[in-house]
Amino acid sequence: MTSPSPLRVRFAPSPTGKLHVGGARTALFNWAFARRHGGTFLLRIEDTDRERSKPEYERAILEGLSWLGIQWDEGPDVGGPYGPYRQMERSAQHVAAARELEAKGAAYRCFCTTERLDALREAQAAKREKPGYDGLCRAIPRAEAERRVAAGEPAVLRFRVPEGHTQFVDLIRGDVTFQNAEVDDWVMVRTDGAPTYNFVVVCDDSAMAITHVLRGEEHLTNTPKQVLLYHALGYQVPRFGHFPLMLGTDGKKLSKRTGDTALEDYRDKGFPKEAVLNFLCLQGWALDGKTEVFGVEDLVANFDPTQVSKAGSIFDIQKFLWLSGEYIRRDSLESVADHCAPHVVAKGWLSASELQSKREWYLAAVATEKERIHTYAELAERIAYLFAPDDALVFDDKAEANGRKQLGDGNLVKGYVAWLTPQLAKGVEAAALRDATKAWMAERGAKFPALFQPLRCALTGEAGGPDLFDVMALLGPERTLARIESGIRRLSAPATTGTTP
RNA sequence: GGCCCCAUCGUCUAGUCAGGCCUAGGACACCAGGUUUUCAUCCUGGCGACAGGGGUUCAAAUCCCCUUGGGGUCACCA
C-alpha cells in the first residue's frame, strides 16, 4: 500500500451561532478533499470570542455535521494527537508565540484608547482616507512599553506589518497579491490578554500541521495578515484556497433576509440529508457538467479544490426542492414513511403509537403522495385532508369551482352514489372498484371528469391529488360515503361562498 | 471610498488553466404538447447566455488590456 498521506485539512467554525449552510459546504469540501487523498480532516472550535461563544452552538455544529455524515478524525469530542481542539484551551501556546513575536520586535504594545481609535477612524472617514491604525505606538521603545505594562497601563499587542507586498497562491484563484501598506497593524492580543482570530488561527493551523487551509472567500483579505505572521514566526505557510460565497436571491452573502441560513432549518423542513449534501456540492462544484444527482462517494472520488468555481452562487431553493423530490422518489416507501413520521406526529395527525398500530394504513397513505412531495414535511401537509372532519372539509377554490362545473344537474353523481353504496358494503378494494367504476361510466358513455371532479372535491377538497380509489381505501366505506353525501350537497347548493369575499 | 476577488442562459453549471472538436452542452425554473380521473410523476419539443470595447492570432467563450457591473473586506468578530 501507499504510505499515509500527510494531507491535513480542517473546518474551524466559531460557536457563535447555528451551523450555516455555507459553513456546511466548506466542511463538506474539506472532508471530501481529505477523504480523497487519504488525509486527515479535523474539527477545531474557534471560541476566542468570549462574548458570543456558547457551548450549545458548539453542540449544534457537531450535530449538524454528524447529521450530514461528515465525520472528523480529530476534534473537541474525540480528541487527537494535536489537541486540544478548542482554541481557548490552547492559550499557553498563544501566549508563548506572542512573547516571541514581541521579543523579536515583530509585534509591539499599543496603548491607544478606544476613544482615540474611534476618533482616528472618524477623522480618516471625514478626510476620505483609508481607515486603519496610524502606527502611533510603533515608535515606543520596548523598555518603556514594558514599564508601562508593568505599571498596569492597558495595552494591546499589535503586529508590526513590514514594508513590501505579500503574495500567495490561492488554489482556486491563483496568484493573489496585497501591498503591505494596505494591511493594518492589526491587534493580536486584546487588552484583556485574549488573542484574536488572525493570530490564533495561524498558531493553531501550524501546530496542527494543517497543509491546506480551505475556507470561505470572506477570509481572503485576512490571508495576507496570516501569511505575514507565518513568516514572522518562521512557520511553514500552508496552501490556501477560498471558496466562493453562497449568495441569497439578492446576490449578497446568504443571510436570513432572503432565506434560511442554518443547516438545521433545512433538516427541520424535511429535506433528505442526501439531497442537502448533493445540493451543497452543486454550489460551486460540478461532477461532470451533466450529472446533477450524485452522492458524496462521487464527490470524494472526484473533488479537486482547483476545479471549484470562483464566482459566488445564488442559493436556488427551487432547484433544491426539485433535487429533494428526486431523492424522495428514488427512496423506498418504508424509508420515506419513517422520515415523514415526525412531521405527521408534529401536525397531530397520528401519535407515535398510532403510527405503529396503523402502519399498513400509514404506508398506503404515504404511497399516494410519495411522488408528489419535495420534502418530508410536505407529506404531513398533503395528507391533512384525511384527518379533517367529514362534514366540514375545507374546499379549495379551484376544486370547488371544478366540482360545481362538472356536477351539472347532479344526476350522474347521484346515480353513481346509489350504485356505489352497496359496493362499499364489502369494503374498498381500490383496483377492483376503479375498474368497476370505469365500466359503469363506459356503460353510460359519460366523461370521467363529470364524475371524478365532484368526487375529488367532496373527498379531498382539493383540485389535484392521488387516485380517488386509493383515497377511498384510505378513508374507508363510511367516511367515503359521508364525504360524498356532504360534499355533493354543498356543491349543489347555491355558490354562496364559492369565492371568498 | 481604498484594497482584494469575480463576470457563460432568470438560476446552478460544462467548456477557460493546455485557443480550433462550441452555429456554446446539461440541469432547475418557465412555456407548449403527449400520458393520467385531476395534480404530481414520466416522455417530447421550445424559450434562453459567452457584460461591453480594444488588442494578440490563420483562429478567442477561452490569452492580454481597459471600461462597466457584482461581491467581499476594511473591529480589542470570526
Side-chain angles (χ1 to χ4, degrees), chain A residues 12-17 46-49 51-53 87 110 112 114 117 121 124-125 128-132 154-158 170 172-174 176-179 181-184 186-192 194-198 200-201 215-224 242 244-245 247 249 251-253 279 282-293 306-307 309-323 325 329 369-374 382 398-399 402 434 437-438 441 447-453 455-457 460 462-469:
Chain A
S14 65
T16 54
E46 313 235 311
D47 55 354
T48 51
D49 184 340
E51 310 285 304
R52 299 189 298 153
S53 293
Q87 291 188 315
C110 169
C112 293
T114 311
L117 261 19
R121 262 190 289 275
Q124 288 165 334
R128 310 186 89 186
E129 288 173 355
K130 73 182 171 76
V156 299
L157 187 68
R158 283 185 188 274
D170 188 284
I172 294 164
R173 286 150 221 287
V176 181
T177 305
F178 287 82
Q179 292 305 314
E182 300 295 335
V183 183
D184 231 16
W186 49 282
V187 173
M188 294 172 48
V189 181
R190 303 176 173 97
T191 309
D192 65 1
T196 62
Y197 166 77
N198 279 307
V200 293
V201 74
R215 70 239 296 197
E217 194 186 342
E218 69 267 30
H219 287 290
L220 195 55
T221 50
N222 282 324
T223 310
H242 292 89
L245 260 23
L247 312 170
T249 46
K252 293 183 168 39
K253 193 155 69 162
F279 185 68
L282 259 17
Q283 297 280 288
W285 189 76
L287 178 57
D288 56 10
K290 295 186 190 301
T291 311
E292 308 282 332
V293 184
T306 67
Q307 296 303 305
S309 11
K310 301 181 182 76
S313 50
I314 292 173
F315 189 100
D316 182 5
I317 193 71
Q318 290 297 335
K319 187 161 186 176
F320 191 13
L321 246 9
W322 163 77
L323 194 57
R329 269 171 251 130
E369 298 290 355
K370 184 166 173 280
E371 65 189 21
R372 240 172 298 268
I373 58 174
H374 302 91
R382 292 204 55 93
K398 189 180 172 194
N402 287 347
R434 179 160 48 236
T437 297
K438 286 184 176 177
M441 291 292 284
K447 297 278 189 193
F448 286 150
L451 174 64
F452 290 125
Q453 290 294 336
L455 277 189
R456 180 170 294 285
C457 181
T460 70
E462 283 167 46
D467 176 89
L468 283 180
F469 302 95

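Just so it is clear: chains get the letters A, B, ... in the order the sequence lines come, proteins before strands, and each one is counted from 1.
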**Asked** Can you list the residues that meet the side-chain contact (heavy atoms from CB on, under 4.5 Å) rule with A:Lys252, with sequence neighbours excluded?
**Response** A:Asp250
**Asked** What integer distance in Å separates A:Asp184:CG from B:C74:P?
**Response** 10 Å
**Message:** For the C1' atoms, the ones on B:A60 and on B:C21, what distance do you get once it is rounded to whole angstrom?
**Reply:** 15 Å
**Item:** Rounded distance in Å between the P positions of B:G2 and B:G20
**Value:** 37 Å
**Prompt:** Paired with B:G33: which nucleotide, if any, by Watson-Crick or G-U wobble criteria at under 3.5 Å for both distances?
**Reply:** B:C43
**A:Arg121 CZ - B:C74 P separation (whole Å)** = 11 Å
**Item:** Closest nucleotide among B:C76, B:A78, B:G72 to the A:Ser14 side chain
**Value:** B:A78
Could you write out each protein N or O paired with an N or O of nucleotides 60-68 of chain B at a distance under 3.5 Å?
none

**Listed partners of A:Gln283 passing side-chain contact (heavy atoms from CB on, under 4.5 Å), at least two apart** = A:Arg25, A:Met246, A:Phe279, A:Ser313, A:Phe315
**Complete:** A:Lys447 NZ to B:U38 P, in whole Å, measures 12 Å
**Request:** Sugar-phosphate means primed atoms, P, OP1 and OP2; the rest is base. With that split, encode nucleotides 4-20 of chain B 5' to 3' as B, S or - using protein heavy atoms under 4.0 Å.
**Result:** SSSS---SBSS------
**Message:** Heavy atoms only, 4.0 Å cut-off, all strands: where does A:Pro449 land among base, sugar-phosphate and nothing?
**Reply:** nothing
**Asked** More 5' along RNA chain B: A:Phe320 or A:Asp192, using each one's nearest nucleotide?
**Response** A:Phe320
**Prompt:** Is there a Watson-Crick or G-U wobble partner for B:G2 with both distances under 3.5 Å, and which nucleotide is it?
**Reply:** B:U73
**Message:** Suppose you measure atom C1' in B:U62 against the same atom in B:U16; what distance do you get, rounded to whole Å?
**Reply:** 4 Å
**Message:** Output one letter per nucleotide in nucleotides 39-52 of chain B: B when a protein non-hydrogen atom lies under 4.0 Å from the base, S when only the sugar-phosphate is that close, - when neither is.
**Reply:** BBSS----------
**Asked** Between B:A75 atom C1' and A:Met188 atom CE, what is the distance in whole Å?
**Response** 16 Å
**Request:** With sequence neighbours excluded, tell me which residues meet side-chain contact (heavy atoms from CB on, under 4.5 Å) with A:Gln318.
**Result:** A:Asp316
**Asked** NA contact type, A:Asp170, heavy-atom cut-off 4.0 Å: base, sugar-phosphate, or nothing?
**Response** nothing
